[in-house]
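Here the structure is a predicted model, which means the values were calculated and not measured.
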Amino acid sequence: MSNLATANLWHRKTRSAISVFGIAIGVALLLVLKGMLVGTIDEITSRMKNTGVDIYVFYQNYDIFGGTLKMPLSFGEVIKKEISSDRLESLVPIVQDKLGEIGTVTQEQRVWGVSRADLGKLNVKLSGGRFFDDNKYEMLIDSRLAAHSGVGIGDTVRYLNRDWKVVGIHDIGAGVRVYVPFNRLHEVLFRGKDRFASIFAIKCKPGADAQQVARDIEKIQHKGKKLDLLPVETATMYETFREKAKIIDDFANYVTIVALSISFLVILLTMYTVVAERTRDIGILKSLGATRMFIARAIITESLILCVLGVGVGAGLSYFAAWLIPAVSLLNVTISPGWVLIAAVVGLFGGVLGAFYPAALAAGKDPVVALTYE
Amino acid sequence: MPILQTIDLHKSYRIGSHWEPVLMGIDMEIEEGEFACIVGPSGCGKSTLLHLLGGLHRATSGRIFLDGDEITALSDAALAKIRRNKMGFVFQRFNLLPTLSARGNIEIAMKIRGLPSNDGVVEVLKQMGLGEKMRHKPNELSIGEQQRVAIARAIVNKPKLLLADEPTGNLDSENSRRILAEFKRLNEEMGQTILMITHNLEAAAVASRTLRMKDGRIAED
């Protein structure tokens, strides 16, 4: 059976290759998009964890990928007061914003406004240049962003209608890629007397139960009113971010359906053409005594081989993309074996499903009509 | 007991709103080990008769017995089983699978029958003088060689009945002679029962018995 299938596929090499490529595109689409989602969240989570912070306190409905989040800076003092000092090691107020373009990089970057004195508390380490001056429009960028954007020490970045001078390059992996002085960013974003922060980064003292601290922060009331603080432990951050990024997850699920449909249609069209083209061969097999099942199996085996090859090529393309995309951009792609398995099942299922109708068509052909087919 | 028997076999085709009779009461018997030939002009119903005898089509009425079993009432699956276990076909247009080699074309017949694919394949190809061309695809073989592959495929399962539909119709005289000699050898040396259909009287002369068809009936035996 497999000899007949492989011989038939080999006989029409170009068409077989196109079919394999069609399925591969579907599989790669699924794996790369899902991989980009997971890779992005993985990378953000990993950078958030690398700061050594135990709890990030957000306000109300924060957005993981989002820009300006605003809560009164005085909430920080309330937290300090409510959480006993034997549990709290440090609390760093952060102003978060987004930078639309830097050098040749047009992908949005999160920017953190942090006081010079607090940079050490977030494990920000310099690999070149110096730390910024709290009173100047100065900026730190990480080495990966510097490499991709072509921006280096001494260059100026136009951001929020100000010229920010890059004075230092920091190691990748701690917090965000772009740091600016807290005061300067605050001044530009929040004009007026009131003081705000977007996030409070909390480190607990050794031995303190971070989970309990987070629970206590969530319950904090001030002047008889709940503060609506949203503490996220770094230990459970991945799951929290995944929950926040659910819309993207939903998108990935739709992509799964698209991939399934692509496999289905590619195989349906290919095998439909195959059956029409091999009508005579089907007649020959019937004259030799082949059962309907034998003929249907021959068609499905052929489609299975195409699907297996398509899934293999698609997975290969995805791993290649997972290497290429981070090399040429700031995006990360994480291809997990679990999703390769899901893509394989989707590809194979879609393919086999697509072969059923042509297989039934082939199996039901009248042998004499098939034998005289021109 | 005859290996093949038909009783009052009729076949009509629907053309538009009316039925066009093609076979009008065929009664015949073929004995085991016989080499019979059915001759007749084009359109007299020879090929239709062969298709009915081979279980490729169903009769409108009448009965066909093969090796003692009535095949007219069998299901498609049962007819397929009869074809793979008791019959071999040789067609005018050879009908080889173009994507398989000469050997592959024979092995597929073995596989369909559920037999080990290497069981006697090489021997039968050598018997047909194709030992050197086992790996060749049909388009790499001459027409005579293609027909010999088709015969090898038909006999590899040792069928009770070999049905041949104009087997020399596409061949030149040299290849026709060789194929007919092969049929004669199979019949005489191996006792193969053969029913051949042809409009070529020279080809018919090789058979031990000739039945003439005319207008959907056996006119002469």
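Contacts of residues 32-57 of chain B with chain A at a heavy-atom distance below 4.5 Å involve B:H51, B:L56, B:H57, listed in sequence order.
For the residue pair A:S46 and A:E43, no side-chain donor N or O sits within less than 3.5 Å of a side-chain acceptor on the partner. Between the side chains of B:N170 and B:Q92, at least one donor-acceptor pair of N or O atoms lies under 3.5 Å.
Taking 4.0 Å as the cut-off between side-chain N and carboxylate O, B:R63 and B:D8 do not count as a salt-bridged pair. The existence of a salt bridge linking B:E182 and B:R178 is excluded, since no basic side-chain nitrogen approaches an acidic carboxylate oxygen closer than 4.0 Å. A salt bridge links A:E277 with A:R15; the closest basic N to acidic carboxylate O contact falls under 4.0 Å. Taking 4.0 Å as the cut-off between side-chain N and carboxylate O, B:R58 and B:D76 count as a salt-bridged pair.
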Could you walk me through whether A:E302 and A:R278 pass the salt bridge (Lys or Arg N to Asp or Glu O under 4.0 Å) test, one step at a time?
CA-CA 13 Å; A:E302 230 174 288; A:R278 296 220 196 98; 3.1 Å; yes
Passes side chain to side chain contact (heavy atoms under 4.5 Å, CB included), A:L371 versus A:S287? Steps please.
CA-CA 8 Å; A:L371 277 169; A:S287 75; 4.2 Å; yes
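The candidate with the highest count of non-hydrogen atom pairs below 4.5 Å against chain A, out of B:G104, B:A80, B:G88, B:A154, is B:A80. Heavy-atom pairs under 4.5 Å with chain A peak, among B:R113, B:R93, B:M87, at B:R93. Chosen from A:K286, A:H11, A:R280, A:R12, the residue pairing most often with chain B at heavy-atom distances under 4.5 Å is A:R280.
Classification of the A:F320-A:W323 ring pair by plane angle, with boundaries at 30° and 60°, yields tilted.
Looking at B:N157, there are no atoms closer than 4.5 Å to chain A (heavy atoms on both sides), in backbone or side chain. Heavy-atom distances place the backbone of B:L96, and not its side chain, under 4.5 Å from chain A. With a 4.5 Å cut-off on non-hydrogen atoms, A:I284 touches chain B through its side chain but not through its backbone.
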